[in-house]
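Please read the structure below before turning to the comments.
For ligands, and for the atoms within them, numbers begin at 1 and follow the listed sequence. Here the structure is a predicted model, which means the values were calculated and not measured. Worth knowing before you read on, the calculation uses all heavy atoms, side chains too, and leaves out hydrogens, waters and symmetry mates.
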Amino acid sequence: MSIDWDAAYRNGEVFWDRGAPSPPLRHYLERNPTSGRALVPGCGRGHEVALAAELGFDATGLDIAPTGLAEARTLYPRLADRFVLGNLFDPPAALHGAFDVVLEHTCMSALPPALRPDYRRGIDLLLKPGGLLVGVWYINPDLEPGDEGPPFPLPVPALTELFADGYEIVADYVPEVGFARREGRERVRVLRRVLRERGGLI
Ligand SMILES: C[S@@+](CC[C@H](N)C(=O)[O-])C[C@H]1O[C@@H](n2cnc3c(N)ncnc32)[C@H](O)[C@@H]1O
């Protein structure tokens, strides 16, 4: 399955966009202050990049959809140079190993399950060892019968398996805050990329 994300922005078919940063992400970051360079993969119109900048991160958004990024620059002109065109699966070399924190919100759920290993490899390329992957994972979206997604459901065991090697869980809960119709369907799981595994740097 191949999804034309830029066409979705060009056609204004952005059903996922709530016009504001993810409430569970804000809730977690405000209570667990951290700092450094933060990346939002699949940033779309950039609301989570704006949140990260507001909270003091050196924030970057990455997306494959030029129209989505143009809309992000219009919405957040002071952050215009923070929105980078690129593919998470083959990220720009300048961004490799550059980030202390990755902020996940509805990027993973945009991907058919077969692409999850590519998502993991992309995160591995971008996140520093010891860095944090702060995720609001869309576990159980409210789909019509027969609709496979996007958003693609991500059962908790699949999330656990994807990051079983090389990451440790530092927070994990069903958030009490959320956008309307997403309550109880998301999970905050924060993963730390471990420094060493099996005697070597991973
Ligand atoms: C469902 S939208 C979510 C956008 C934003 N995170 C939000 O919550 O509003 C998924 C986004 O991921 C982007 N995307 C999909 N595959 C990608 C890839 N391989 N690399 C970078 N961005 C990607 C799409 O262009 C789209 O903007």
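Proximity to Gly86 (heavy-atom distance under 4.0 Å) selects the following atoms of ligand 1: 20 (N), 21 (C). For ligand 1, the atoms lying closer than 4.0 Å to a non-hydrogen atom of Ala110 are 10 (C). Residue contact check: Cys43 has heavy atoms under 4.0 Å from atoms 5 (C) of ligand 1. For ligand 1, the atoms closer than 4.0 angstrom to any heavy atom of Phe89 are 19 (N). Distances below 4.0 Å separate heavy atoms of Asn87 from the following atoms of ligand 1: 18 (C), 19 (N), 20 (N). Near Leu88, with a cut-off below 4.0 Å to any heavy atom, the atoms of ligand 1 are 18 (C), 19 (N), 20 (N), 21 (C).
Ligand 1 has no atom lying under 4.0 Å from any heavy atom of Gly68. Heavy-atom distances between Arg45 and ligand 1 stay at or above 4.0 Å for every pair. Within the structure, the closest approach of Tyr9 to ligand 1 falls below 4.0 Å when heavy atoms are considered.
For atom 25 (O) of ligand 1, the closest non-hydrogen atom of the protein is Asp63 OD1, 2.6 Å. Residue, atom and distance of the protein heavy atom nearest to atom 9 (O) of ligand 1 are Trp16 CD1, 3.4 Å.
In this structure, Trp5 and Trp16 have perpendicular ring planes: the angle between them is above 60°, well past the 30° mark. Using cut-offs of 30° and 60° on the angle between ring planes, the pair Tyr76 and Phe83 is tilted.
No side-chain donor from either of Tyr138 and His105 sits under 3.5 Å from a side-chain acceptor of the other. For the residue pair Tyr167/Asp124, the side-chain donor-acceptor check at 3.5 Å is satisfied. For Thr74 and Arg45, the side-chain atoms include no donor-acceptor pair closer than 3.5 Å.
Ionic pairing of Arg82 and Asp58 is present here: one or more N-O contacts between side-chain nitrogen and carboxylate oxygen are shorter than 4.0 angstrom.
In this comparison of Leu62, Thr106, Asp6, the heavy atom closest to atom 3 (C) of ligand 1 sits on Thr106. Counting heavy atoms only, Ile64 comes closest to atom 22 (N) of ligand 1 of the residues Ile3, Ile64, Leu115. Comparing Pro66, Gly46, Gly42, Gly44 by heavy-atom distance to atom 6 (N) of ligand 1, the nearest is Gly42.
Cluster membership for Leu162 and Ile123, using ILVMFWY side-chain heavy atoms within less than 4.5 angstrom, is shared.
What you find for Leu88 and Cys107 is that their closest heavy atoms are CD2-SG, 4.1 Å.
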Legend entry - Test side-chain hydrogen bond (donor to acceptor under 3.5 Å, both in side chains) applied to Ser22 and Arg182, step by step: CA-CA 11 Å; Ser22 160; Arg182 290 191 195 168; over 6 Å; no
